[in-house]
Amino acid sequence: MRAAVIVFPGSNCDQDCVRSLKAVTGLAADLVWHKQSRLPAYDLVILPGGFAHGDYLRCGAIARFSPVMAEVRRLANRGSLILGVCNGFQILCEAKLLPGALLRNHGLKYLCQDVHLRVETSRSPFTSLYQKGQTIRVPISHGEGSYTLNPRELKKLNDEDRVAFRYAHPDGSVTPAAAPNGSLEAIAGILSPGRNILGLMPHPERLAEPELGGVDGRPLFEAIFSAMGGAA
């Protein structure tokens, strides 16, 4: 089993992802510079959070043209697991590996806080160890996290059970007010049609060890490892 964490100029959560993956599963990920134009057959590729290329133009708009993204697409098409967290989610949307876009937070302020999420599906390699309807606590840290999508694609996303997480109140209820960034239908994370790509704005790697103050992000990494054929 092989894993990679892609490093763009401005990435700042790459080491966090390497650390959490190693701590939870024992799997050591390679750090891969964004200019790499050929990757080995990685089973897992993580696009971490940060500010790729300074987030100029739009978040992820420049990173989508990095040479490595052609390889990310190739690996995704062959069935490798692709996880995009925060800026990584934005890059996946810009690269059209996931539908929709991430816009400025409705309050036009950068948000750095814990949020509650409701798990909307356990039918994916990323969420299989959560229970559908389960409420978890995970941090967010972003200025452009308001997810938007056209009505036709939104219906498809819901019909195909591809909303992975929604922002929720502590009791698990979902209302527009539960999304601090104004995200459409309080969507916090989505899956690709093949269910092997997950993009989410919250940071599960920041709550994957007790020393970090919680372990609600841990099952995500355990589920990934299990889907790759490991036993966490």
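The analysis underlying the following values was restricted to heavy atoms, covering all of them including side chains, and did not include hydrogens, waters or symmetry mates.
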Asker: Looking only at side chains, do Q90 and D55 share a donor and an acceptor under 3.5 Å apart?
Answerer: no
Asker: Give the minimum heavy-atom separation between G133 and R118, together with the two atoms involved.
Answerer: O-CG, 3.8 Å
Asker: Cluster question for you: counting only ILVMFWY and a side-chain heavy-atom cut-off of under 4.5 Å, with indirect links fine, are V138 and L212 together?
Answerer: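 No, no single cluster joins them.
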Asker: Roughly how far, to the nearest 0.5 Å, is SG of C17 from NZ of K22?
Answerer: 15.5 Å
Asker: For H34 and F8, take the angle between the two ring planes, folded into 0 to 90°, and tell me which bin it lands in: parallel under 30, tilted 30 to 60, perpendicular over 60.
Answerer: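 Because their plane-to-plane angle lies in the 30° to 60° range, the rings of H34 and F8 count as tilted.
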Asker: Tell me whether L220 shares a hydrophobic cluster with Y42, the cluster being built from Ile, Leu, Val, Met, Phe, Trp, Tyr side chains joined at under 4.5 Å.
Answerer: yes
Asker: Does any non-hydrogen side-chain atom of I91 lie less than 4.5 Å from one of N87?
Answerer: yes
Asker: Could you go step by step and tell me if I224 and F126 meet the side-chain contact (heavy atoms from CB on, under 4.5 Å) rule?
Answerer: CA-CA 5 Å; I224 289 171; F126 308 93; 3.6 Å; yes
Asker: Quick one, I46 and D14 - any side-chain contact, counting heavy atoms below 4.5 Å?
Answerer: no
Asker: Taking atom CD of E160 as the centre, report whether more than 12 heavy atoms of other residues, nucleotides or ligands fall under 6.0 Å from it.
Answerer: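 Above 12, so yes.
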Asker: Quick one: are C13 and V85 in side-chain contact, heavy atoms under 4.5 Å?
Answerer: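 No, too far: nothing below the 4.5 Å cut-off.
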Asker: Strictly distance-based, threshold 3.5 Å: is any side-chain N or O of R162 a donor or acceptor partner for the main-chain N or O of L191?
Answerer: yes
Asker: In the single-linkage hydrophobic clustering (I, L, V, M, F, W, Y; side-chain heavy atoms under 4.5 Å), do L129 and V215 co-cluster?
Answerer: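 Cluster IDs for L129 and V215 differ.
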Asker: If you look at every heavy atom in A164 and T127, which pair is closest and at what distance?
Answerer: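 It is CB-CG2, 4.5 Å.
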Asker: When you compare the side chain of S66 with that of H53, does any pair of heavy atoms fall below 4.5 Å?
Answerer: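 Of all side-chain heavy-atom pairs linking S66 with H53, at least one is under 4.5 Å.
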Asker: Looking at E71 and L39, would you say the former's side chain and the latter's main chain have a donor-acceptor pair under 3.5 Å?
Answerer: yes
Asker: Any salt bridge linking E209 with R218? Criterion: basic side-chain nitrogen under 4.0 Å from a carboxylate oxygen.
Answerer: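 Salt bridge between E209 and R218, a charged N being under 4.0 Å from a carboxylate O: no.
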Asker: Look at R19 together with E205 and state whether they make a salt bridge at an N to O cut-off of under 4.0 Å.
Answerer: no
Asker: Has K132 got a side-chain atom pairing as donor or acceptor with T121's backbone, closer than 3.5 angstrom?
Answerer: no
Asker: Looking only at side chains, do Y110 and S141 share a donor and an acceptor under 3.5 Å apart?
Answerer: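 A pair is found: one side chain offers a donor N or O, the other an acceptor, under 3.5 Å apart.
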Asker: Is the backbone of D114 close enough, under 3.5 Å, to the side chain of R137 for a donor and an acceptor to pair up by distance?
Answerer: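 Flag not set: sc R137 to bb D114 has no pair under 3.5 Å.
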Asker: Could you report the tightest heavy-atom contact between A41 and L75, atom names first, then the distance?
Answerer: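 The pair with the smallest heavy-atom distance is CA-CD2, 4.2 Å.
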Asker: Are the side chains of H142 and E144 in touch, meaning some heavy atoms are under 4.5 Å apart?
Answerer: no
Asker: Is it true that I62 and W33 fall in one hydrophobic cluster, defined by side-chain heavy atoms closer than 4.5 Å?
Answerer: no
Asker: Side chain of R166, backbone of E185: donor and acceptor closer than 3.5 Å?
Answerer: yes
Asker: Go through it in stages, so that I can follow the logic: the residues are T135 and D171, the test is side-chain contact (heavy atoms from CB on, under 4.5 Å), and I'd like the CA-CA distance, side-chain angles, deciding distance and then a yes or no.
Answerer: CA-CA 7 Å; T135 303; D171 64 359; over 6 Å; no
Asker: Could you see if L21 belongs to whatever hydrophobic cluster contains M1? Use Ile, Leu, Val, Met, Phe, Trp, Tyr and a side-chain cutoff under 4.5 Å.
Answerer: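 In one cluster with L21: M1, yes.
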Asker: Do side-chain atoms of N181 reach the backbone of G145 as a donor and acceptor pair under 3.5 angstrom?
Answerer: yes
Asker: Between N105 and G107, is there a donor-acceptor pair closer than 3.5 Å when you use the side chain of the first and the backbone of the second?
Answerer: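 No, N105 side chain to G107 backbone: no donor-acceptor pair under 3.5 Å.
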Asker: Tell me whether N12 contacts the main-chain N or O of F51 through its side chain, where contact means a donor paired with an acceptor under 3.5 Å.
Answerer: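 Absent.
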Asker: So, the side chain of D30 versus the backbone of V32: is there a donor-acceptor pair under 3.5 Å, distance only?
Answerer: no
Asker: Look only at the side chain of Y130 and the backbone of D216, and say whether a donor-acceptor pair between them is shorter than 3.5 Å.
Answerer: yes
